[in-house]
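Quick note on labels: first sequence line is chain A, next is B, and so on, each numbered from 1. Predicted model, so just to flag it, every value in this text is computed and none were measured. Excluded from the calculations below are hydrogen atoms, water molecules and symmetry mates; all remaining heavy atoms, backbone and side chain alike, are included.
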Amino acid sequence: MTNANVRVRFAPSPTGYFHLGSARTALYNWLFAQHTGGSFILRIEDTDRTRYHPEALPDLLDSLRWLGWFWDEGPEVGGSYGPYYQSDRAELYRQYADQLIQDGKAYRCYCTPERLAALREEQRRERFKPGYDRRCRYITSAQIAEFEAQGLRSVVRLMTPTEGQTAFEDLLRGRIVVENAELDDLVLLKSDGYPTYHLANVVDDHLMQISHILRGEEWLPSVPKHVLLYDALGWSIPAQVHLPTILDPSGKGKLSKRRQRGPGEAERLTFIHEFRQTGYLPEAMTNFLALVGWAYDAETELFTRDELIRYFDLDDVSKSPAAFSYEKLDHMNAVYIRGLGDNDLANRLLQILRRAGLDADYGRILQFAPLVKERLRTLSDAVDLLDFAFVDGHMPDPDTLVQKAMGVDGTRQALRESAKALYELPSFDEEAIEETLRGLVDASDFKIRDYFGALRVGLTGKRVSPPLFETMAILGRQDTVQRLRRAADALDAAE
RNA sequence: GCCGCAUUCGUCUAGUGGCCUAGGACACCGCCCUCUCAAGGCGGAGAUCGGGGGUUCGAAUCCCCCAUGCGGUACCA
């Protein structure tokens with residue numbers, strides 16, 4: 001499908017950091033726009049002044065750009081359907097609310113929040129259907145004049161039919177019909193003059209000529225009310241697509257927008273900037289997130305950005321909620337890291353190692369890049385793996401240094417003789433190092449894994465490291481020999 | 001409570017009446033490779049397609065009922 005008239009929007013409210021669930025919605029909108037050659041509009045729904053979070057917007061824009069999901073219209077890029085902040089459109093919503101009142105399709109309601117709360121409480125107690133009792137819908141104009149004279153604050157409510165049915169079509173779920181009796185008179189304009197989501201989103205989607213609405217399925221129940229609103233305004237409704245929820249990895253509940261911790265589990269990332277900091281690649285995030293709720297075929301899971309755009313089709317979007325698997329994300333991220341060129345990987349590693357406080361230089365990282373590439377799940381795994389290479393005065397812990405099978409003396413002997421042999425080696429390259437060291441092992445009574453284990457800990461302070469000989473070659477003769485000697489000295493000191 | 005949506009291996013999924021004694025991936029287990037850890041190779045276990053009724057020569061695929069899960073029921077989005 002190619003249709004330049006496709007206009008979709010991603011419309012988050014700046015109440016918190018950009019998280020996984022929102023990101024998936026944003027991605028599907030972006031992919032659909034790219035696929036159809038349409039436009040991807042970013043609109044900021046900042047009509048809730050009480051929940052406004054000042055860091056939310058910069059976090060969102062940074063994250064979207066990092067992911068590479070650029071918007072055609074919206075904040076910082078403009079467009080001919082602006083403004084793109086709903087707070088800048090307040091007057092517009094007021095006009096439409098007034099118009100609806102004029103037309104007898106909406107009315108002012110003077111009920112206080114306290115009365116509404118009490119009403120709800122009573123309905124709950126009496127097991128009645130909750131909802132506004134429409135008291136102000138039927139008050140006289142004399143009463144209205146009196147309320148106005150008293151200076152009472154009011155909201156504007158839509159007059160909802162009490163009988164009949166309202167139906168609409170969801171591209172994924174088919175025709176959905178609800179009884180109008182289930183709907184109540186929803187608030188369009190709040191007493192502070194700001195619109196509710198319902199009014200603002202209907203007005204904006206119409207004015208911005210949105211062709212398809214792709215949003216989370218939590219919106220599904222409010223669509224019938226929107227249908228009524230569109231009707232009241234004399235407008236037609238955009239195509240509806242309600243995307244499945246993203247579930248917690250256990251598959252038991254909705255993925256939290258906040259940080260969360262399962263019982264006895266490590267803290268899980270949920271904000272996009274956290275994934276970025278941890279060293280997930282934007283291309284892996286895009287690929288993985290695309291697969292949470294969409295599948296191309298039975299086998300393919302790895303897609304380039306272009307393939308995603310080419311293949312993405314609403315027909316293949318799933319209807320049922322999907323659990324988010326961090327393990328599978330890790331796996332995919334590792335696959336993407338392995339596919340990176342050495343220079344590319346080194347550049348990305350440089351930032352992450354520096355941020356971890358290491359005095360890392362590009363040249364050395366580049367040398368290590370091919371060695372660590374297949375050992376990383378996230379870029380930040382490189383910190384533990386490579387920190388030894390960027391500090392001088394390390395002193396291995398004797399407990400990890402001494403190999404059980406070799407004892408203190410055997411370990412010390414291996415360190416000393418290796419240091420000596422490497423010191424005297426004519427050419428300090430990987431092959432020569434390996435040949436020499438293997439010669440020493442053969443001449444000794446020790447096993448390869450124990451002997452090299454001692455050298456590994458002596459050299460890096462760790463039981464797990466990049467391959468030994470390569471690492472030595474990169475560190476250089478002087479550093480290597482010094483580290484091994486120091487390790488041997490550490491054993492002397494420990495006795 | 002009421003309304004809506006969903007329901008295939010632990011998880012993500014393929015599947016739109018016969019190709020399914022249900023395919024792939026992650027995770028898991030075993031073996032191989034191996035200087036550690038990875039990566040890689042080979043193999044394994046794992047779903048009577050939520051349950052029950054139909055329709056049909058034939059159902060994971062169509063219809064009905066039930067159960068369960070999720071969502072909604074705000075002057076939040």
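When the side-chain nitrogen and oxygen atoms of Arg173(A) are compared with OP1 and OP2 of rC5(B), none of them lie within a distance under 4.0 Å. The shortest distance between the side-chain N/O atoms of Ser318(A) and the OP1/OP2 oxygens of rC12(B) is not below 4.0 Å. Between Arg463(A) and rC37(B), a side-chain N or O to OP1/OP2 separation shorter than 4.0 Å is absent. For Arg120(A), a side-chain nitrogen or oxygen approaches OP1 or OP2 of rC75(B) to under 4.0 Å. For Lys190(A), a side-chain nitrogen or oxygen approaches OP1 or OP2 of rC76(B) to under 4.0 Å.
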Side-chain donor/acceptor pairs under 3.5 Å, residues 397-407 of chain A, sequence neighbours excluded:
from	atom 1	to	atom 2	distance (Å)
Asp397(A)	OD1	Asp399(A)	N	3.2
Thr400(A)	OG1	Asp397(A)	O	3.0
Gln403(A)	NE2	Leu401(A)	O	3.0

Could you give the side-chain donor-acceptor pairs of residues 453-466 of chain A under 3.5 Å, partners two or more places apart or in another chain?
from	atom 1	to	atom 2	distance (Å)
Arg456(A)	NH1	Ser465(A)	OG	2.9
Thr460(A)	OG1	Arg456(A)	O	2.8
Thr460(A)	OG1	Lys462(A)	N	3.1
Thr460(A)	OG1	Lys462(A)	O	3.4
Lys462(A)	NZ	Asp384(A)	O	2.9
Lys462(A)	NZ	Asp387(A)	OD1	2.9

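Nearest-nucleotide mapping onto RNA chain B: of Ser154(A) and Thr245(A), the residue sitting toward the 5' end is Thr245(A). For Glu45(A) and Glu434(A), each mapped to the nucleotide of RNA chain B holding its nearest heavy atom, the one lying further toward the 5' end belongs to Glu434(A).
Taking atom C1' on both nucleotides, rC12(B) is separated from rU48(B) by 22 Å, rounded to a whole Å. Between rG69(B) and rG30(B), the distance separating the two C1' atoms is 36 Å to the nearest Å. Across the P atoms, rU36(B) and rA60(B) are found 49 Å apart, a figure rounded to whole Å. rG50(B) and rU8(B) have their P atoms separated by 6 Å, with the value rounded to a whole Å. Comparing the P positions of rC29(B) and rG23(B) gives a spacing of 23 Å, expressed to the nearest Å. Taking atom P on both rA22(B) and rA59(B), the two are 16 Å apart, rounded to the nearest angstrom. Separation of the C1' atoms belonging to rG52(B) and rU68(B) is 14 Å when rounded to the nearest angstrom. Rounded to a whole angstrom, the distance from the C1' atom of rG53(B) to that of rU16(B) is 23 Å.
Comparing atom distances between the Ala295(A) side chain and each of rC26(B), rC35(B), rU13(B) picks out rU13(B) as nearest. Of the listed nucleotides (rG24(B), rA77(B), rC75(B)), rG24(B) has the atom at the smallest distance from the side chain of Glu299(A). You'll find that the side chain of Pro467(A) is closest to rC35(B), out of rG71(B), rA6(B), rC35(B). Side chain of Lys328(A), nearest nucleotide from rA25(B), rU11(B), rG71(B): rA25(B). Of all nucleotides listed (rU36(B), rG71(B), rA6(B)), rA6(B) comes nearest to the side chain of Lys319(A). Counting only heavy atoms from C-beta on, Glu301(A) has its side chain closest to rC12(B) among rA77(B), rC35(B), rC12(B). Considering only side-chain atoms of Phe469(A), the nucleotide from rC12(B), rA77(B), rC35(B) that sits closest is rC35(B). Minimum atom distance to the side chain of Phe452(A) is reached by rC35(B), of the listed rC12(B), rC35(B), rA6(B).
Atom CG in Asp315(A) sits about 14 Å away from atom P in rU16(B), given to the nearest Å. In this structure, Asp297(A) atom CG and rU16(B) atom C1' are separated by 16 Å, rounded to whole Å.
For Arg449(A) and rC35(B), a side-chain-to-base donor-acceptor distance below 3.5 Å is absent, hydrogens and geometry of angles not being considered.
Within 4.0 Å (heavy atoms only), Leu291(A) reaches sugar-phosphate atoms of the nucleic acid but no base atom. Using a 4.0 Å heavy-atom distance criterion, Ser465(A) is classed as a base contact. Looking at heavy-atom distances under 4.0 Å, Gly293(A) makes contact with sugar-phosphate atoms alone, never a base. The residue Ser320(A) sits close only to the backbone: its heavy atoms come under 4.0 Å of sugar-phosphate atoms, none of a base. Using a 4.0 Å heavy-atom distance criterion, Thr47(A) is classed as a sugar-phosphate-only contact. Using a 4.0 Å heavy-atom cutoff across all strands shown, Gln123(A) reaches no nucleic acid atom at all.
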Could you list, one pair per line, each protein nitrogen or oxygen that sits under 3.5 Å from a nitrogen or oxygen of nucleotides 1-4 of chain B, together with the distance?
from	atom 1	to	atom 2	distance (Å)
rC2(B)	O2'	Glu182(A)	OE1	3.3

Pairs under 3.5 Å (N/O, protein and nucleotides 64-66 of chain B):
none

Identify the pairs formed between an N or O of the protein and an N or O of nucleotides 39-43 of chain B at a distance under 3.5 Å, and give each distance.
from	atom 1	to	atom 2	distance (Å)
rA39(B)	O3'	Arg338(A)	NH1	3.2
rG40(B)	OP1	Arg338(A)	NH1	3.2

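Here Glu307(A) pairs with Phe303(A), Thr304(A), Arg310(A), Tyr311(A) under the side-chain contact (heavy atoms from CB on, under 4.5 Å) rule; sequence neighbours left out. The ring-ring contact (aromatic ring centres under 6.0 Å, His included) search around His198(A) returns His226(A), not counting sequence neighbours. By the side-chain contact (heavy atoms from CB on, under 4.5 Å) test, Ala26(A) is found to be paired with Phe10(A), Phe18(A), Leu64(A), Trp69(A), residues two or more places apart in sequence or in another chain being considered. For Gln95(A), the side-chain contact (heavy atoms from CB on, under 4.5 Å) partners two or more places apart in sequence, or in a different chain, are Glu91(A), Leu92(A).
Within the structure, ring pair (Phe, Tyr, Trp, His ring centres under 6.0 Å) contacts touching residues 151-177 of chain A (residues at least two apart or in different chains) do not occur. Applying the ring pair (Phe, Tyr, Trp, His ring centres under 6.0 Å) definition to pairs two or more places apart or across chains, those involving residues 445-473 of chain A are Phe452(A)-Phe469(A). Contacts classified as salt bridge (Lys or Arg N to Asp or Glu O under 4.0 Å) and involving residues 181-203 of chain A (residues at least two apart or in different chains) are given here: Arg49(A)-Asp192(A), Arg134(A)-Asp185(A), Arg137(A)-Asp185(A).
Within the shown strands, nothing qualifies as a pairing partner of rU34(B) under the Watson-Crick or G-U definition with both distances less than 3.5 Å. As the counterpart of rG46(B), no nucleotide is assigned, since no Watson-Crick or G-U wobble pattern has both distances under 3.5 Å.
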Problem set entry | Derivation of the side-chain contact (heavy atoms from CB on, under 4.5 Å) call for Leu100(A) and Val156(A) | CA-CA 9 Å; Leu100(A) 287 169; Val156(A) 176; 6.0 Å; no

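For the pair Val317(A) and Val241(A), the minimum side-chain heavy-atom distance is 4.5 Å or more.
A side-chain N or O of Asp330(A) and one of Tyr280(A) form a donor-acceptor pair less than 3.5 Å apart. Of the N and O atoms on the side chains of Tyr197(A) and Asp48(A), not one donor lies less than 3.5 Å from an acceptor on the other residue. A donor atom on one side chain and an acceptor atom on the other are found under 3.5 Å apart for Asp46(A) and Ser87(A).
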